[in-house]
Number of protein chains: 2
Amino acid sequence: MINQNIKIAVDAIVFGYERGTLYVLAVQQRFGKLADRWVLPGGFILDDEPLLTAVERELKEEAGITVNYLEQLGTFGDDVKRDERFRVISVAYFALVNPKNFVLKADTDAKDAKWFPVAEVPKLGYDHNEMVNLAHQRLKSKLTYQPIGFDLLDQEFLFSDLENLYCSILERDIDRRNFRKKILSFGIVTETDKVVKIGASGRPGKLFTFDKSKYNQLLKENFQFDIRFA
Amino acid sequence: MINQNIKIAVDAIVFGYERGTLYVLAVQQRFGKLADRWVLPGGFILDDEPLLTAVERELKEEAGITVNYLEQLGTFGDDVKRDERFRVISVAYFALVNPKNFVLKADTDAKDAKWFPVAEVPKLGYDHNEMVNLAHQRLKSKLTYQPIGFDLLDQEFLFSDLENLYCSILERDIDRRNFRKKILSFGIVTETDKVVKIGASGRPGKLFTFDKSKYNQLLKENFQFDIRFA
DNA sequence: CCTAATTTGTGTAAAAACAACACAAAGTTA
DNA sequence: TAACTTTGTGTTGTTTTTACACAAATTAGG
């Protein structure tokens with residue numbers, strides 16, 4: 001008979017993007033040893049609950065959000081004793097959301113929920129800073145080979161929004177013309193006929209949308225999304 | 001108080017390569033409900049044992065091998081009841097080994113241990129076929145952007161060995177000249193002065209080695225390993 | 001209402017990377 | 001010694017990537 005004294009939790013690293021800044025969601029613990037401490041949203045899973053469901057539930061409960069993109073990041077828990085009573089192993093999930101779509105609200109377990117700019121994430125409880133770092137790297141690399149940037153933007157966006165997202169997250173300059181040329185060459189971004197002006201001044205721009213079904217179709221034909229240049 | 005009735009296991013998908021064929025390691029269970037069934041090597045972790053250590057221990061115990069490369073693949077266990085008594089969540093690891101370096105021996109728990117060509121893996125217990133598939137994809141994609149092929153080869157190898165490894169695992173033709181040109185241009189593969197003849201006939205070839213320290217050095221300078229062509 | 005400032009939108013040319021391709025050299029076998 | 005097998009090597013055309021600048025549409029301010 002196996003006698004194991006380990007509990008399983010899930011945690012989520014939720015990224016949001018707005019006006020040139022990348023944010024991570026954290027919640028402030030209400031109870032327990034680490035009360036008042038900021039941590040990633042997450043918690044123990046139920047016996048009959050799939051891992052993904054557990055993450056979604058916790059995000060709903062602790063911050064009131066539903067994410068656009070969710071995938072497993074990795075499993076942590078080699079050197080952590082969250083609790084004296086047992087070891088905790090946590091399955092971390094990587095998530096993307098458009099912060100504009102939600103008003104954060106700390107419902108159940110959490111005292112507060114807040115977006116921190118990735119550059120200013122405080123010292124979190126447990127091994128959560130480590131998770132944030134790994135997730136941040138994943139975001140950067142994934143941005144170059146999967147069209148996940150769109151999950152951080154509005155459904156309709158200006159080309160400059162997309163461009164700024166890439167610039168700011170990848171922390172480098174991008175040639176505007178080459179970027180547009182390449183993205184458009186894929187055929188997965190469509191121009192709408194809406195023209196808007198968002199900033200204070202300047203020429204109004206067309207709105208674009210990401211054509212997900214077109215992308216899925218291309219995938220079947222061995223298409224490879226790939227954005228990387230000077 | 002958390003009341004969770006879940007146990008944690010680790011499993012390993014160990015790939016080996018020899019003479020144009022890619023193999024996966026499986027072990028035959030000695031005890032339990034699935035006695036005689038082939039499964040991936042693995043088992044429950046100990047309360048104070050890091051996950052990686054657990055995998056290494058199991059591989060040693062069940063098959064007598066030590067791997068060249070080991071990384072976490074993902075965590076499974078949403079729809080599996082290995083055991084009626086509790087749910088099992090398993091952290092799967094992806095591993096590479098050179099089969100020539102070991103004689104498989106099924107020491108402790110396992111009745112037998114065996115290499116199956118990936119194309120001929122039988123129906124395994126639990127969700128292990130799913131894990132093998134995911135690991136196989138990971139191997140294929142990783143081969144193109146990380147120099148992990150070398151972990152499947154002898155320390156000294158012929159250029160044709162490397163080339164055949166890529167051909168057979170990626171299942172496509174490679175232009176011998178372009179492949180050699182590209183690999184050599186990275187500067188991470190060094191020519192030794194040994195010349196050997198392995199097959200029955202033909203011109204003897206030089207042996208090469210993978211210069212790992214050179215690779216690590218290049219990584220710091222933003223080098224990106226990348227092999228993909230017709 | 002005119003000028004300066006801001007943002008969108010667009011094409012071309014040079015450089016680099018990639019793809020396609022064939023034959024001589026060194027050995028073995030019959 | 002002729003036929004076979006495997007290693008080793010360069011060039012050329014094509015495609016992709018990079019670098020780069022100016023006109024159009026609007027707002028703000030004098």
Side-chain angles (χ1 to χ4, degrees), chain A residues 19-20 143-145 153-154 156-168 170 172-209 218 222-230, chain B residues 18-20 143-145 153-154 156-168 170 172-209 218 221-230:
Chain A
R19 330 189 105 271
L143 218 44
T144 67
Y145 64 87
L153 291 176
D154 291 341
E156 297 188 315
F157 51 86
L158 293 170
F159 225 99
S160 55
D161 292 332
L162 187 62
E163 185 197 316
N164 290 329
L165 185 148
Y166 270 85
C167 283
S168 54
L170 298 180
R172 58 183 161 109
D173 288 348
I174 287 180
D175 181 286
R176 220 154 48 85
R177 276 182 285 190
N178 293 337
F179 181 75
R180 175 187 269 252
K181 215 183 308 173
K182 183 131 186 190
I183 294 275
L184 289 177
S185 77
F186 294 152
I188 57 179
V189 167
T190 6
E191 187 175 310
T192 69
D193 47 5
K194 295 181 202 159
V195 172
V196 294
K197 191 202 53 56
I198 302 219
S201 74
R203 170 174 173 176
K206 291 223 184 76
L207 287 175
F208 292 80
T209 57
L218 285 173
N222 266 348
F223 167 72
Q224 177 65 355
F225 181 87
D226 195 16
I227 292 289
R228 34 179 164 180
F229 37 70
Chain B
E18 210 163 11
R19 329 189 107 271
L143 218 44
T144 68
Y145 65 87
L153 292 176
D154 292 340
E156 298 187 314
F157 51 86
L158 293 171
F159 225 98
S160 55
D161 291 334
L162 187 62
E163 187 198 315
N164 290 329
L165 184 148
Y166 271 84
C167 284
S168 55
L170 298 180
R172 58 183 163 106
D173 288 348
I174 287 179
D175 181 286
R176 220 152 47 86
R177 276 182 285 192
N178 292 338
F179 180 75
R180 175 188 270 251
K181 216 184 304 173
K182 181 129 186 192
I183 293 274
L184 289 177
S185 76
F186 294 151
I188 57 180
V189 166
T190 6
E191 185 175 310
T192 68
D193 47 6
K194 295 180 206 162
V195 173
V196 292
K197 190 198 56 57
I198 302 219
S201 73
R203 172 173 171 177
K206 292 225 184 75
L207 286 174
F208 292 80
T209 57
L218 285 173
E221 300 159 18
N222 266 351
F223 166 71
Q224 177 67 353
F225 180 86
D226 195 16
I227 292 289
R228 33 179 164 181
F229 39 70

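These values consider heavy atoms only, across backbone and side chains, with no hydrogens, waters or symmetry-generated copies. Everything numeric here is computed off the predicted structure, so don't read it as measured data. Here is how names work: the chains are called A, B, and so on, in the same order as the sequence lines, proteins then strands, and each is numbered from 1.
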Looking at residues at least two apart in the chain, or sitting in another chain, which of them share a side-chain hydrogen bond (donor to acceptor under 3.5 Å, both in side chains) with [X]?
X: Asp154(B); answer: Asn98(B), Lys100(B)
X: Glu163(B); answer: none
X: Lys197(B); answer: none

Contacts under 3.5 angstrom, residues 200-208 of chain B side chains, donor-acceptor by atom type, not counting sequence neighbours:
from	atom 1	to	atom 2	distance (Å)
Lys206(B)	NZ	Glu191(B)	OE2	2.9

Check your understanding: Closest approach of Tyr166(A) and Ile174(A), non-hydrogen atoms and distance?
Key -> CB-CD1, 3.5 Å
Exercise for review: Would you name the heavy atoms of Leu184(B) and Phe159(B) that are closest together and state the gap between them?
Suggested key: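 For Leu184(B) and Phe159(B), the tightest heavy-atom pair comes out as CD2-CE1, 3.8 Å.
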Whole angstroms only, please: what is the [atom1]-[atom2] distance between [X] and [N]?
X: Phe157(B); N: dT7(D); atom1: CZ; atom2: P; answer: 14 Å
X: Leu207(A); N: dT8(C); atom1: CG; atom2: P; answer: 11 Å
X: Glu191(A); N: dT8(C); atom1: CD; atom2: C1'; answer: 12 Å
X: Leu162(A); N: dG9(C); atom1: CG; atom2: C1'; answer: 16 Å
X: Asp161(B); N: dT7(D); atom1: CG; atom2: C1'; answer: 12 Å
X: Leu158(B); N: dA26(C); atom1: CG; atom2: P; answer: 17 Å
X: Phe159(B); N: dA25(C); atom1: CZ; atom2: P; answer: 22 Å
X: Asn164(A); N: dT7(C); atom1: CG; atom2: C1'; answer: 11 Å

Point to revise | Among Lys182(A), Lys181(A), Arg176(A), side chain to side chain donor-acceptor pair (under 3.5 Å) partner for Asn178(A) | key: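 Looking at Lys182(A), Lys181(A), Arg176(A), the match for Asn178(A) under the side chain to side chain donor-acceptor pair (under 3.5 Å) is Lys181(A).
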Just the atom pairs and distances: protein N or O near nucleotides 16-18 of chain C's N or O, under 3.5 Å.
from	atom 1	to	atom 2	distance (Å)
dC18(C)	OP1	Lys182(B)	NZ	3.3

Review point. Is the distance from OP1 or OP2 of dT8(C) to the nearest side-chain N or O of Ser160(A) less than 4.0 Å?
Key: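 It does, given that an N or O in the side chain of Ser160(A) lies less than 4.0 Å from OP1 or OP2 of dT8(C).
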Point to revise | Geometric class of the Phe225(A)/Phe186(A) ring pair [parallel <30°, tilted 30-60°, perpendicular >60°] | key: tilted
Exercise for review: Would you give a per-nucleotide map of nucleotides 20-30 of chain D, 5' to 3', where B means the base has a protein non-hydrogen atom under 4.0 Å away, S means only the sugar-phosphate does, and - means neither?
Suggested key: BB--BBBS---
Point to revise | Any donor-acceptor pair under 3.5 Å from Tyr145(A) side chain to Gln224(A) backbone | key: no
